[in-house]
Undergrad: 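Structure in structure tokens, see below.
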Amino acid sequence: PRGTRKIQFYWEGGNLKPRLFGPEGKLVAEIDSNGRYVSIPVPEGADGHAWHFERFAPRFFWMTNVPNYFAASPEALLVPREALKP
């Protein structure tokens with residue numbers, strides 16, 4: 001969502017280190033922890049846009065401060081209309 005300054009989540013998965021990319025397709029973080037809470041700073045201007053993971057195969061995944069909206073591609077992402085308002 002707009003105004004988000006960090007993304008926080010818990011993840012537990014396999015041996016691959018998930019990689020998190022911002023809206024411009026730039027690598028923001030490679031997740032080293034497994035079975036822990038993670039906090040990723042949101043770069044200026046990257047809030048309010050779709051991000052994506054690569055090498056992401058979680059057994060458990062919980063977003064703690066942003067909505068749990070996931071899709072196979074940005075074009076397939078459905079979000080509430082309220083989330084799109086400036």
Side-chain angles (χ1 to χ4, degrees):
R2 288 184 179 96
T4 301
R5 294 291 148 233
K6 59 183 157 181
I7 296 173
Q8 298 173 322
F9 58 88
Y10 175 90
W11 108 278
E12 184 179 311
N15 294 329
L16 293 177
K17 294 180 182 178
R19 297 167 33 145
L20 180 60
F21 293 82
E24 300 294 323
K26 295 180 183 176
L27 180 65
V28 175
E30 185 170 66
I31 314 304
D32 290 332
S33 63
N34 190 344
R36 294 185 168 172
Y37 286 93
V38 177
S39 182
I40 306 294
V42 175
E44 186 70 32
D47 58 317
H49 300 280
W51 292 38
H52 74 274
F53 282 98
E54 286 184 356
R55 300 188 307 195
F56 185 63
R59 283 187 297 242
F60 300 102
F61 185 79
W62 294 281
M63 302 296 284
T64 60
N65 72 326
V66 297
N68 287 302
Y69 299 140
F70 293 93
S73 71
E75 296 79 23
L77 185 63
L78 299 175
V79 297
R81 188 168 304 176
E82 300 81 36
L84 302 176
K85 293 181 181 178

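The first residue in the sequence is number 1, and the count goes up from there. These figures come from a predicted structure and were not determined experimentally.
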Undergrad: Please find the pair of heavy atoms, one from Pro1 and one from Val66, that lie closest to each other, and give the distance.
TA: CD-CG1, 3.8 Å
Undergrad: Hey, could you give me the CZ/NZ distance between Phe21 and Lys26, rounded to the nearest 0.5 Å?
TA: 12.5 Å
Undergrad: Heavy-atom count around Asn15 CG within 6.0 Å, excluding the residue itself: above 12?
TA: no
Undergrad: According to a 4.5 Å side-chain heavy-atom criterion applied to Ile, Leu, Val, Met, Phe, Trp and Tyr, with indirect links allowed, do Phe56 and Tyr69 form part of one hydrophobic cluster?
TA: no
Undergrad: Measuring from atom CG of Asn34 to atom CD of Glu12, what distance do you get when rounded to the nearest 0.5 angstrom?
TA: 6.0 Å
Undergrad: Under the 4.5 Å side-chain heavy-atom rule for ILVMFWY, direct or indirect, which residues accompany Leu16?
TA: none
Undergrad: With rounding to the nearest 0.5 angstrom, report the CD1 to CZ distance, Ile40 to Phe9.
TA: 5.0 Å
Undergrad: Are Val28 and Phe70 connected, step by step, through hydrophobic side chains (Ile, Leu, Val, Met, Phe, Trp, Tyr) whose heavy atoms are closer than 4.5 Å?
TA: yes
Undergrad: So, for His52 and Gly22, which heavy atoms are closest and what is the spacing to 0.1 Å?
TA: ND1-O, 4.5 Å
Undergrad: Which word best sums up how the rings of Trp62 and Tyr10 line up, parallel for under 30°, tilted for 30 to 60°, or perpendicular for over 60°?
TA: tilted
Undergrad: Looking only at non-hydrogen atoms, find the nearest pair between Lys17 and Ile31 and report the distance.
TA: CB-O, 3.5 Å
Undergrad: Measure the OG1-OH distance between Thr64 and Tyr37 for me, rounded to the nearest 0.5 Å.
TA: 7.5 Å
Undergrad: Would you find more than 12 non-hydrogen atoms of other residues, nucleotides or ligands less than 6.0 Å from Arg55 atom CZ?
TA: yes
Undergrad: How far does CD1 of Ile7 sit from CH2 of Trp51, to the nearest 0.5 angstrom?
TA: 4.0 Å
Undergrad: Taking atom CD as the centre, does Glu24 end up with more than 12 heavy-atom neighbours from other residues, nucleotides or ligands that are less than 6.0 angstrom away?
TA: no
Undergrad: Keeping Asn65 on the side-chain end and Lys6 on the backbone end, is there a donor-acceptor pair under 3.5 Å?
TA: yes
Undergrad: Which value, rounded to the nearest 0.5 Å, describes the distance between Arg36 atom CZ and Trp11 atom CH2?
TA: 13.0 Å
